[in-house]
There are 2 protein chains.
Amino acid sequence: MNHLSESPLFIQPTITGPSAAIVARLSQAIHEHRLAPGTKLGEDELSDVFDVSRTVVRSALQALSHDGLVELKRNRGAFVAKPTIREAREVFEARALLEPRTARSATERMTRAHLDRLHAHIEAEHDAMARAEHGKALRLSGQFHIEISHIADQATIAGFIERLVARSSLIIALYWQRQSAMCEKHAHHALLDAFARGDADDAEELMKNHLVDIVTTLDLRDPAPREISLGEILVGPSSPGGQG
Amino acid sequence: MNHLSESPLFIQPTITGPSAAIVARLSQAIHEHRLAPGTKLGEDELSDVFDVSRTVVRSALQALSHDGLVELKRNRGAFVAKPTIREAREVFEARALLEPRTARSATERMTRAHLDRLHAHIEAEHDAMARAEHGKALRLSGQFHIEISHIADQATIAGFIERLVARSSLIIALYWQRQSAMCEKHAHHALLDAFARGDADDAEELMKNHLVDIVTTLDLRDPAPREISLGEILVGPSSPGGQG
DNA sequence: TTCAGATGAATTGTATACAATGATTGCGCA
DNA sequence: TGCGCAATCATTGTATACAATTCATCTGAA
């Protein structure tokens, strides 16, 4: 019942009106892995669910596609995005470029109120984890990074980070390998500690390492055989008499 | 008549279909300063000009708003965006964070074909400058940065840089102070030279300085009195008997 | 049995009609 | 004459109707 459970949304209010609500609902569902990558988002279905016309549904889907959460295929429809391994690597390279510096800036601008807010946020994360609400925990964990970017008070960069965190959620859904325990809690606590001490150097370094840790929990090895070459595998490598 | 004059467009093909053409035309017009910041973009007017329904016009305007070129005010309409001084600073801070590193990556991936392409691009810039086609020169100058980001082969970061360059165009339209001669030509030549030598350190440094130089040509001082307080200025600071 | 082609259903893309909101102008009153 | 208010107009927001494309299924022949 605290402010975090109903916390606004990831997407900046570029869109207003009814479609904003749809964007928020879909965003949250995707972030919490209730909507898997590749899921078809039919317009009629959504307009039925949200009780609005297809017009506003289409507006919402277009907004989501601009944020990389949804992929629009012309005459085919809208689908929850499925980032490739390449895109996954790019996203975390971009985060590695932006977020450590942002953590530094945030440290310099950190106030008591900010610290309290972050502390409450980590508590909420912990709570969700304890209740085994993995989806919510994951969403909050991403939002922690967004909160930091807002504290850094660079709206433009914060907007980029929001996009990247959003895509990260999809990437984790696709490439997270279960055996690796993702221990966000510890990393976030350590960051908060650095913020509290006003140690910008440490905050920057911790964020850098934290991002590396996240990538480590992912399996981003190139999948061996492409499905494109499936025909070749079964028939032969496109040169006659290839395999017995 | 070369490939650069008709060169694709800034916006990535998130949108397809007829609205893509409208996005491209409007983008180009804004980049070339033919559409000034604040200009009203009426839906009926545009649907008339491009001979499509308001539906596709609205789609195009929404796409442009997501890229920060257009501002949508609910029930008021669409306007060419007017970045504030604060936003202007943020944009160039973000560019300073992203582009030097990108220039370094580009250097490492630079091929002969890339070099030729960049060389041709600079020629086109020079040509437009010589013909006093300032709008076109400005657009090409921004696109030079985008080409580099594409060579760096990081689509995600390149997308961010595209947005930033787009907004930079608006910022220049608003805050460029005429007395300062913007000598992009020299800086771009120097960058190309570093690329050709494969000197990544130099490329990174040159890009960093180039961005600083651009900011230097802008007047980003806080405008003295806000128009919000205009009433206060004329009547008094909202406290009776404030000023004699 | 399998593949090719065609037909039909379902879904998306676009245009248009209607509703709602905001701007403008004219009138009435002080 | 200046201000406030109200009605009208223009413009945007939403819903719906129609067109176009894609996907599935069915038929038929090799």
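Keep in mind the model is a prediction, meaning the values are calculated, not measured. Below, read A as the first sequence line, B as the second, and so on, with proteins coming before strands; counting in each chain starts at 1.
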Note: for A:D51 and A:R76 on DNA chain D, the residue whose nearest nucleotide lies more 5' is A:D51
Side-chain contact check for B:V56: nearest option of C:dT14, C:dG13, D:dA15 is C:dT14
Under 4.0 Å between a side-chain nitrogen and a carboxylate oxygen: does that hold for B:R54 and B:D48?
no
Atom NZ of A:K73 and atom P of D:dA20 are separated, to the nearest Å, by 25 Å
Rounded to whole Å, CD of B:E45 lies from C1' of D:dA10 at a distance of 13 Å
Closer than 4.0 Å, any side-chain N/O of A:K40 to the OP1 or OP2 of C:dT12? yes
From CG of A:D48 across to C1' of C:dT11 the rounded distance in Å is 15 Å
Whether B:K136 and B:E32 form a salt bridge (side-chain N of Lys/Arg under 4.0 Å from carboxylate O of Asp/Glu) is what I want to check.
no
Q.
Please confirm whether the shortest side-chain N or O distance from A:R74 to OP1 or OP2 of C:dT14 is below 4.0 Å.
A. yes
Considering only heavy side-chain atoms of A:P18, the closest of D:dA15, D:dT11, D:dT14 is D:dT14
Sorted by position of nearest nucleotide on DNA chain C, 5' first, the leading residue of A:L41 and B:T55 is A:L41
Here the distance between atom P of C:dG13 and atom CD of A:Q62, to the nearest Å, is 10 Å
When rounded to whole Å, the CD to C1' distance for the pair A:E43 and C:dT14 reads 12 Å
Per atom distances to the A:N75 side chain, the nearest of D:dT14, D:dT21, D:dG13 is D:dT21
Is there, by distance only and without an angle test, a donor paired with an acceptor across the side chain of B:R54 and the base of D:dG13 below 3.5 Å?
yes
Counting N and O atoms only, with roles assigned by atom type, does the side chain of B:H121 sit under 3.5 Å from a partner on the main chain of B:L140, one being a donor and the other an acceptor?
-> yes
Q.
If the threshold is 4.0 Å, N to carboxylate O, is there a salt bridge linking A:E71 and A:K82?
A. no
- Say whether, by atom type as modelled, one donor and one acceptor occur between the side chain of B:E90 and the main chain of A:T156 under 3.5 angstrom. yes
- Select base, sugar-phosphate, or nothing to describe what A:G42 touches, counting heavy atoms under 4.0 Å on all strands. sugar-phosphate
Rounded to whole Å, the CG-P distance (B:D44 to C:dA15) equals 13 Å
Under 4.0 Å from OP1 or OP2 of D:dG13: is there any side-chain N or O of B:R58 that close? yes
